[in-house]
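Single-structure report; data block below.
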Amino acid sequence: MASGSSDDWRSPTDDEWDALEELGDEGTWEMAGTEVRLSSLDKELLPAIDERPEVTKGDLVRHVAGFAPQFEHYLADRAVNLLRVPDGLDGDSFWQQAVPQGAPEWVRRWQDPEATGRQAHDRVVVDGTASLVWLAQMAAVELHPWTSSVTSPDVADYALVDIDPGEDTTWEDSLTLARLFRTALAELDLVGCPKVTGKRGLQIWVPAGGDAGFDDTSRFVEQLSRHVGGIVPELVSWRWRTDERQGKARLDYTQNARHKTLVAPWSVRAAPGGPVSVPIGWDELDDEDLRPDRWCVADVAARFESAGDPFAALVGVTQELPDL
DNA sequence: GCAGGTT
DNA sequence: AACCTGCAACGCATT
DNA sequence: AATGCG
């Protein structure tokens, strides 16, 4: 069954924002008819760094609520893995795939019919703003959705290019690699879009064909990556072990697998200052101010206001990924 | 962050 | 009542 | 079979 109406994914109204403000550090927030229990909103989850302020739980709540309409495109009908940081970066952080115990009954769940053993648990499927806010209350800083939807868990919706910098990879090297993918995709007449990860790397998301399996997307990204790597062999290593890569970048096509996830567009990263994974236009690869952690919780709303969501161009696109 | 178990 | 603990796991490559 | 890797 598809998720609810897009009203479920709307940003808060002015009245709802005011109500959140009035809670102070703790209370129950009614968002689009759903009550979410919030606590420790003033608690620091991510520390300040340089000019960037600390990120509190309240800041995270405001971020996910404000970006809910964008999150819908990448989270609706998908299981999501969580990186939770309840006690900040100095405390214990942990990954979670199962629905957290004590989750409200209105949180949507999905059990992978092919799961066995330890995987056979209910997973969280975010179905609107209230769910996003509850996840923020759970201190789920990073949201990593599946590439496939729960309605067709074996159909890959995107082919994912992961440019993973090595020890000696400069930002300019990463940009060189991204530009080569830009050229290759243009020559193939394929639509795709890059985003900065908020950490060190870049990813490129390429919509797949609606009936593509993970073997198809994996093969396509491997072939494309080997083509790109062949042009600049001095920048790319195909060695498996990190200590044999000579500091070079890895083009990690193995992310194209059923249970693997990449950080969602607009997700905060668990790092000081709260950097955000932000979709960019291809031409921004040539912007000398671009950085992998260019935007953070404090300034990403302004970025969205001026540039919108370049990934919107990918929504609903289906295209055949050729054999190269 | 929170449930569940242990001291 | 205070404290402690768990909270992910797939596919590929190499040894 | 076990480990490294993301």
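Evaluated for a side-chain contact (heavy atoms from CB on, under 4.5 Å) with A:K195, the options A:V263, A:I280, A:D309, A:V278 yield exactly one hit, A:V263. Just one of A:V297, A:T56, A:V133 meets the side-chain contact (heavy atoms from CB on, under 4.5 Å) condition when paired with A:R62; it is A:T56.
In this structure, the CH2 atom of A:W238 is 15 Å from the P atom of C:dC12, given to the nearest Å. Per the geometry, CZ belonging to A:R239 stands 16 Å off C1' belonging to C:dC12, to the nearest Å. Put simply, CG on A:D164 is 12 Å from P on D:dC5, counting in whole angstrom units.
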Contact state string [nucleotides 3-11 of chain C, B base, S sugar-phosphate only, - no protein heavy atom under 4.0 Å]: ----BBSBB
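Taking the P atoms as reference points, B:dG4 lies 15 Å from C:dA8, given to the whole Å. C:dA9 and D:dG4: their C1' atoms are spaced 14 Å apart (whole Å).
Between A:W238 and A:Y253, the ring planes are tilted. Angles from 30° to 60° get that label. Using a 30° and 60° split on the angle between ring planes, A:F311 and A:W205 fall in the tilted class, from 30° to 60°.
Within the 4.0 Å cut-off from OP1 or OP2 of D:dG6, at least one side-chain nitrogen or oxygen of A:R245 is found.
A:S40 comes within contact range of the sugar-phosphate backbone alone, with a heavy-atom separation under 4.0 Å but no base atom that close.
The number of heavy-atom neighbours closer than 6.0 Å to CZ of A:R226, taken from other residues, nucleotides and ligands shown, is above 12. The local environment of CG in A:D92 is sparse, with at most 12 non-hydrogen atoms from other residues, nucleotides or ligands closer than 6.0 Å.
For the pair A:R78 and A:W146, the NZ or CZ position fails the cation-pi test of under 6.0 Å to the six-membered ring centre and within 45 degrees of the ring normal.
Using a 4.0 Å cutoff to heavy atoms of chain A, the contacted part of DNA chain B runs 5' to 3' from B:dG1 to B:dA3.
Judged by distance alone, with hydrogens and angles left aside, the side-chain atoms of A:W17 form no donor-acceptor pair with the main-chain N or O of A:S11 at under 3.5 Å.
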